[in-house]
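Heads up, the thing below is written out as structure tokens.
We name chains A, B, ... by the order of the sequence lines, and we start the count at 1 in each one. Quick note: numbers below take in every heavy atom, side chains included, and nothing from hydrogens, waters or symmetry partners. None of the values given here were measured: they were computed from a predicted structure.
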Amino acid sequence: MREERSEIISRYFIAKYPFTVEAQAWLRERKIDLDFLVKEMPAVLVRARDRVIKALEEGVAPSILDDPEAEFLSFPIARMIVEIVGDPFLRHRFAVAEAKRAQGFFKEEDVETLTVIATRTFGIDCQPVKKDISGRVYSFKIHFADYLRYASGFHDPYWKLVNRVLSKGYVFLAKDDFTRILAGAVEKRLLEPREPPLKVPSEIKQIVDEVVSKVMARRERYVLEEVEGGEVVEEAFPPCISALILALRKNQPLPHSARFTLTSFLLSVGYSVDRIISLFSEIPDFKEEITRYQVEHIAGIRSGTRYTPPKCETMKTYGLCLFHEKCRNIRHPLEYYRKYKRHRSKEAVKLDSGGQAGEERNIPQGSL
Amino acid sequence: MIPEDKRVRNEIFLKGLFRKYYQENKVSPPLSIEKREFGFMFFGSQNMVRHLSFTNAESLQQFMFSRVPSNAFYSAAYYSKPDAAKMDEKGWEGCDLIFDIDADHLRTPCKETHDKWVCQNCGESGLGGRPEKCPRCGGQNIEERTWLCETCLETAKNELIKLIEDFLMADFGISADELRVVFSGHRGYHVHITSRVLLDLDQNARREIIDYIKGVGIEPYYHGLMEVREGRSKILKGPRVSEEGWRGRLARGVIKTILSMSEESIPQDRKVRAALQKLLKDRSRVVASLGEGIWDPVRGVSLDAWKYVVKTAIEEVGGKVDEPVTSDVRRLIRLPTSLHGKTGFKVSLVKLGEISNFDPFRHALAFKGEVTVHVNEAPRFRIGEEEFGPFKDEDVELPLSAAVLLLCKSVAYLK
């Protein structure tokens with residue numbers, strides 16, 4: 001009776017968390033043959049296709065646990081499809097979607113289960129605690145190195161280490177924050193490329209072809225979507241960016257962080273890759289091939305991850321911030337650009353309408 | 001300036017002394033020497049020779065003795081092919097966590113008396129830190145002639161102790177046996193951490209560590225500084241002094257700031273000024289209340305005024321570490337127990353318990369004997385028990401370590 005119960009629990013466990021060491025071990029023990037699976041378990045194939053395509057198009061692929069075994073088995077198949085397609089953009093979307101899916105379940109889980117997943121599957125150094133700091137309850141402590149491995153990529157100041165309680169090597173986390181870290185670990189794990197299998201059954205090949213065509217279409221749209229609309233207004237560039245352009249024109253050497261900032265900013269406001277390359281061509285050690293590779297990388301053409309310029313806080317760390325008067329209350333170079341670009345078009349409106357500043361009132365204050 | 005022929009004589013003399021040092025002293029090799037890249041500078045050249053590697057301590061020693069570099073560096077990183085000529089072919093495997101505290105970046109008032117700059121264009125010169133442009137000709141090619149002084153090094157040492165005790169040990173939980181403390185041989189200190197679990201941290205993660213230590217990006221709200229409704233009124237709550245991490249550090253820093261603040265140091269901004277004057281009038285009550293986590297015992301002090309105090313406090317209690325050294329995972333750092341070519345001092349390992357007694361002008365000396373040199377110009381300085389200078393265009397007989405310092409600094413030549 002007891003054993004049966006634990007069997008049920010573990011079937012649901014592996015369906016919810018197919019990336020865990022426990023789930024992998026289960027799969028190895030069953031020695032499931034790929035051909036058998038494809039021929040005899042069509043539900044698995046349907047769900048695997050669903051996992052990949054939903055991840056690509058909607059960014060999330062929620063689980064249904066009616067048939068935990070099929071749900072679980074669809075995961076390695078879905079991952080296999082992603083690896084055969086071999087596109088970094090797809091891999092990224094899939095990893096994010098799977099991480100989100102898992103995080104939904106993490107939230108319902110008790111601290112012990114979460115600790116087991118964190119330590120056994122991801123080797124995270126953490127422990128459950130009961131700590132109350134000024135009325136907030138912290139349920140976990142996690143070694144700062146593990147915290148940084150995942151959270152140093154989160155952009156909100158909330159996640160900055162300096163805004164955390166750190167003591168004797170450990171960061172204290174509330175349960176919700178811990179599940180976010182754990183989801184980050186899932187994402188990172190699934191981003192690691194794996195060798196695709198040598199022999200692929202035709203049923204899977206079919207799905208692969210479908211996914212490939214969807215990826216191509218989606219990717220083009222994605223790259224365009226992110227670009228700011230309209231013409232580029234150079235007068236609205238923030239002082240830090242203008243200074244970098246000036247330095248470049250004067251042939252002054254720029255550190256890597258400055259080049260990255262400039263490139264990602266210009267791409268975000270709508271400069272083309274070629275226009276940026278021609279800007280960089282003025283520096284003495286210019287090599288077109290290398291510059292193109294780097295600019296395209298930042299543009300997300302190669303990896304699917306499009307980089308945005310660093311926020312003001314990071315610019316300060318880089319030593320690139322000029323602490324300009326006009327930057328008050330601005331948190332991001334792009335925010336500055338949007339604000340002053342709008343200012344400029346407002347002024348243009350005023351001029352066009354012969355001094356009737358009627359348009360102005362229609363712009364809500366909050367959007368500035 | 002030292003004439004060419006005299007400079008060459010100096011270099012030959014220094015090279016001989018360095019060679020003798022490496023003949024008599026074993027340099028201490030870094031952990032996993034075979035995975036490190038080495039870089040060296042040599043007498044008479046400004047270039048760094050990089051991408052060298054050694055399979056063991058003996059071959060490194062042999063190199064030091066036969067080639068006699070003026071400065072020796074190794075990579076904080078571990079590589080599978082440390083001698084590959086291109087960075088991306090080296091096979092990066094990890095990197096020690098390094099901290100650098102350099103008097104160059106600390107605000108010390110004495111710099112105005114011992115540091116000098118000279119415009120390479122028109123010859124104009126002045127005291128203190130280097131200006132961006134020459135005030136006379138507007139040229140930007142300005143040479144800096146820094147001096148290492150006791151006050152600067154003492155300030156650096158205090159920052160070092162703060163870094164180790166307050167941050168690395170208390171907050172980051174680094175244990176004594178994971179840290180190596182090194183006097184750089186010139187104007188600062190390095191801390192090397194070789195702990196396994198930290199080796200793979202990337203640039204972002206290392207930058208986060210630096211931001212934590214410096215207090216960059218702190219939002220006091222996340223440490224509990226906020227207005228809270230209590231009944232019909234609002235009160236300002238904040239962290240208590242006894243709390244862990246930045247919470248307690250903020251509270252302690254704010255108290256320290258309020259206690260040391262004077263009427264003159266208050267900013268001109270009218271609103272902030274009025275509020276701070278109120279705070280200062282009631283210092284003792286404010287300090288007592290802060291200890292309890294209640295931040296507004298005095299009426300009429302706005303959140304803005306508190307934010308000003310907090311900002312000042314962060315500057316006071318934050319660590320003063322140099323960012324690029326820590327975040328660059330491919331950087332070369334000075335080899336402990338080698339000699340520093342700008343001073344002739346030993347890049348010295350300092351035991352944790354001996355930091356406060358460590359005296360660079362006594363414990364980092366590498367040479368014994370005496371020699372006569374002609375000194376162009378040098379401020380007053382100490383070597384061991386003895387004080388020397390200031391000198392101006394004169395011949396003096398000096399202990400060898402003192403003379404080497406002046407020769408390395410290019411302010412003297414051999415008689």
**Asked** So, Asp200(B) and Arg149(A), do they make that salt bridge, N to O below 4.0 Å?
**Response**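 Salt bridge between Asp200(B) and Arg149(A), a charged N being under 4.0 Å from a carboxylate O: yes.
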
**Message:** I'd like to know if Glu244(B) pairs up with Lys131(A) as an ion pair, taking the criterion as any Lys NZ or Arg NE/NH1/NH2 lying under 4.0 Å from an Asp or Glu carboxylate oxygen.
**Reply:**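 Here Glu244(B) pairs with Lys131(A) in a salt bridge, since their nearest N and O are under 4.0 Å apart.
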
**Prompt:** Would Val162(A) and Val216(B) count as a side-chain contact (heavy atoms from CB on, under 4.5 Å) if you check the C-alpha gap in whole Å, the side-chain angles of each, and the deciding distance to 0.1 Å?
**Reply:** CA-CA 7 Å; Val162(A) 77; Val216(B) 172; over 6 Å; no

**Request:** Measure distances from Lys316(A) to the heavy atoms of chain B and classify the residue's part below 4.5 Å as side chain, backbone, both or neither.
**Result:**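 No part of it gets close to chain B.
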
**Asked** Any side-chain heavy-atom pair from Tyr318(A) and Arg207(B) closer than 4.5 angstrom?
**Response**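 A side-chain contact under 4.5 Å exists here.
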
**Request:** Tell me, for Glu219(B) versus chain A, whether the close heavy atoms (under 4.5 Å) come from the side chain, the backbone, both or neither.
**Result:**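 For Glu219(B), heavy atoms of backbone and side chain both lie under 4.5 Å from chain A.
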
**Request:** Report the C-alpha distance between Tyr212(B) and Lys160(A) in whole Å, list the side-chain angles of each, state the deciding distance to 0.1 Å, and finish with yes or no for side-chain contact (heavy atoms from CB on, under 4.5 Å).
**Result:** CA-CA 8 Å; Tyr212(B) 184 93; Lys160(A) 261 190 100 62; over 6 Å; no

Spacing of [atom1] belonging to [X] relative to [atom2] belonging to [Y], to within rounding of 0.5 Å:
X         : Y         : atom1 : atom2 : value
Arg206(B) : Leu148(A) : CZ    : CG    : 10.5 Å
Ser152(A) : Ile209(B) : OG    : CD1   : 9.5 Å
Asp171(B) : Leu161(A) : CG    : CG    : 9.0 Å
Ser167(A) : Glu243(B) : OG    : CD    : 11.0 Å
Tyr222(B) : Arg164(A) : OH    : CZ    : 8.5 Å
Tyr158(A) : Tyr221(B) : OH    : OH    : 9.5 Å

**Leading residue by heavy atom contact count with chain B [cutoff under 4.5 Å; candidates Val165(A), Asn163(A), Thr317(A)]** =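 Max contact count across the listed options: Asn163(A).
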
**Asked** Picking from Arg247(B), Met226(B), His223(B), Lys237(B), what satisfies side chain to side chain contact (heavy atoms under 4.5 Å, CB included) with Ser134(A)?
**Response**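 Only one option passes, and that is Arg247(B).
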
**Option in Ile213(B), Asp211(B), Leu201(B) with maximal non-hydrogen atom pairs under 4.5 Å from chain A** =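 Ranked by heavy-atom pairs under 4.5 Å with chain A, first place is Asp211(B).
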
**Message:** If we define contacts as heavy-atom pairs under 4.5 Å, which of Val197(B), Leu168(B), Ile210(B) has the most with chain A?
**Reply:**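 Among Val197(B), Leu168(B), Ile210(B), the one with the most close pairs to chain A is Val197(B).
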
**Prompt:** Considering all heavy atoms of both residues, which atom of Leu198(B) and which atom of Ala145(A) are nearest to each other, and what is their separation?
**Reply:**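 In terms of heavy atoms, the two residues are closest at CD2-CB, 3.6 Å.
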
**Message:** Taking CZ in Arg194(A) as the centre, count heavy atoms belonging to other residues, nucleotides or ligands within less than 6.0 Å. Is the count above 12?
**Reply:**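 Result for CZ/Arg194(A): open.
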
**Asked** Is the number of heavy atoms from other residues, nucleotides or ligands within 6.0 Å of CZ (Arg330(B)) greater than 12?
**Response**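 Check passes, neighbour count above 12.
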
